[in-house]
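The structure under discussion appears below in the form of C-alpha cells.
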Amino acid sequence: MNLIMKSNVFSLFFLLFMVPITAYTQDKTISLQDALKILPEFQWDPFLQTGTFYSSGHYASFHVGLKGETSFSLVDGYEVISVPSPYMENGVIRFPERFITSLKDAIDAEMKRDVKPFKVAAIIIDPGHGGKDPGATTVQTINGKKITLKEKDIVLKVATNLRDQLVKRYPDKKIFMTRTTDVTLALEERASFANGIKIEENEVIIFVSIHCNSELNANLKKNPARGYEIWYLPPKVRREIIEKDAFNGSDEVRTILNTLKEEEFTYESKMLAVLIMKSLDEFIGPVSPSRGAKEEQWYVVKRINMPSVLVELGFISNPSDAALLFEEQSLKKYTEALFKGISDFVTLYEQPGGFNIIE
Ligand SMILES: [Zn+2]
C-alpha cells in the first residue's frame, strides 16, 4: 500500500526538498527531471519510499527496491505491471529507463481506453413468425377487395426495407435480419443468433423484433382495438447474461455482474422503446393511435442478452389498421418511423459519455 499525497503544496514541497535527484543520466537509468519530461507529475512519500507518476488523469505507483531487482507498479489503482525497480544510490533515486517507458506505455493504454467511444456495433431486425407460423391472420375488405393479411408477410416487408435503410445509413455497422425469407424460425434460434455475436466492451448490439397485433372476434365489436405499441423487458426478470461456464469468478460476483448488466440493458431497452415510440407518434400517430411503451416479460426478447424491444405495428384485425399495413405507401411510413427511432438511439448512445449526459 502506498500513501499518495493529493495536495499540490505537499507534492511541490517533496519535489523540491525531499527527493534526491540525479543530476545526469547514467547507464540505463534516467533522472527525475528527465522522467518528468515523459510523465509530467510526481509525488513522493519519503517515509514509505513510494512514488507516484501522474499523466493525463492517470497514475502509476511504485516502491523503490534494489538495483537490478524486478518490481511492480500499480497503474490506476488496479492494473499490476512488472517493471525493473527504481532504487536509491548515494542518496539519489534512479529510474531504469525501461521502468519509465513501461509506465508510459501502461498510461497510454489507459488513455486509449478513455477515448474508445461507445458504439452500436450491430443492429438485429427480427421479423416475427415465418414459414409454418403465419402469426396473426385476417381477411379484410380493402378497396372493395377481399384480402388475406398475414403478420409474417407484413413484418418481413417492413423488416427488409428497414434493413436496407440501415445498411445505407450505417455502412460500418453489422445489420442483420433473423430471417430474410418465409422460413420457420424458433424463438431459441432467434435468441442464440443474437447472443452469438461477439462485441467489444464499449459496444452494444440492439435487437428489434417486429410484429402485428390481432384481436379475437374483432369484427363483432363496435370499436375493435387498434394502434401501435412497444414492449420491453422489466428489470425484475434476471437473465443469465454472463454464463457460468464463461466466468472464472465466484457465483456471488457473477450474480452481481448479471444484475448490473441487466439494469444497463433494461435502461437501454427502455430508451430504445421511448425513441421508437416518439418516432411512431410522429409518423403514424395522426392516423393510428399509440398504445404506449410497456414493460412485459413474456415476449421473444426475454432470452436476448442485449437492449431489445418488440414493436407491434398495429392490429390487422382492425379494418383501418389493416388498410394502413396493406398499402405500400403507409407501410413505408412504419419503416421510416422505425428507422428514425433506431437512428435516434444510435446517435444518443454514441455521443461522448453515452446516456449519462441526458440523465
Ligand atoms: Zn407476432
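Side-chain atoms are counted along with the backbone in the values below, which use heavy atoms only and exclude waters and symmetry mates. Both counts, for ligands and for their atoms, begin at 1 and track the order of listing.
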Please find out if the Zn ion (ligand 1) and some N, O or S atom of C212 are separated by less than 2.8 Å.
-> no
Report the name of the N/O/S atom of E151 located nearest to the Zn ion (ligand 1).
-> OE2
Nearest to the Zn ion (ligand 1) - the N/O/S atom of H211, by atom name | ND1
Is any side-chain N of the basic residue among D182 and K152 closer than 4.0 Å to the acidic one's carboxylate O?
-> yes
Of all N/O/S atoms in H129, which lies nearest to the Zn ion (ligand 1)?
-> NE2
Does the gap between the ring centers of F62 and F72 come in under 6.0 Å?
-> no
Are the aromatic ring centres of Y87 and F99 under 6.0 angstrom apart?
-> no
From the options F326, Y228, F315, select the one residue that forms a side-chain contact (heavy atoms from CB on, under 4.5 Å) with D321.
-> F315
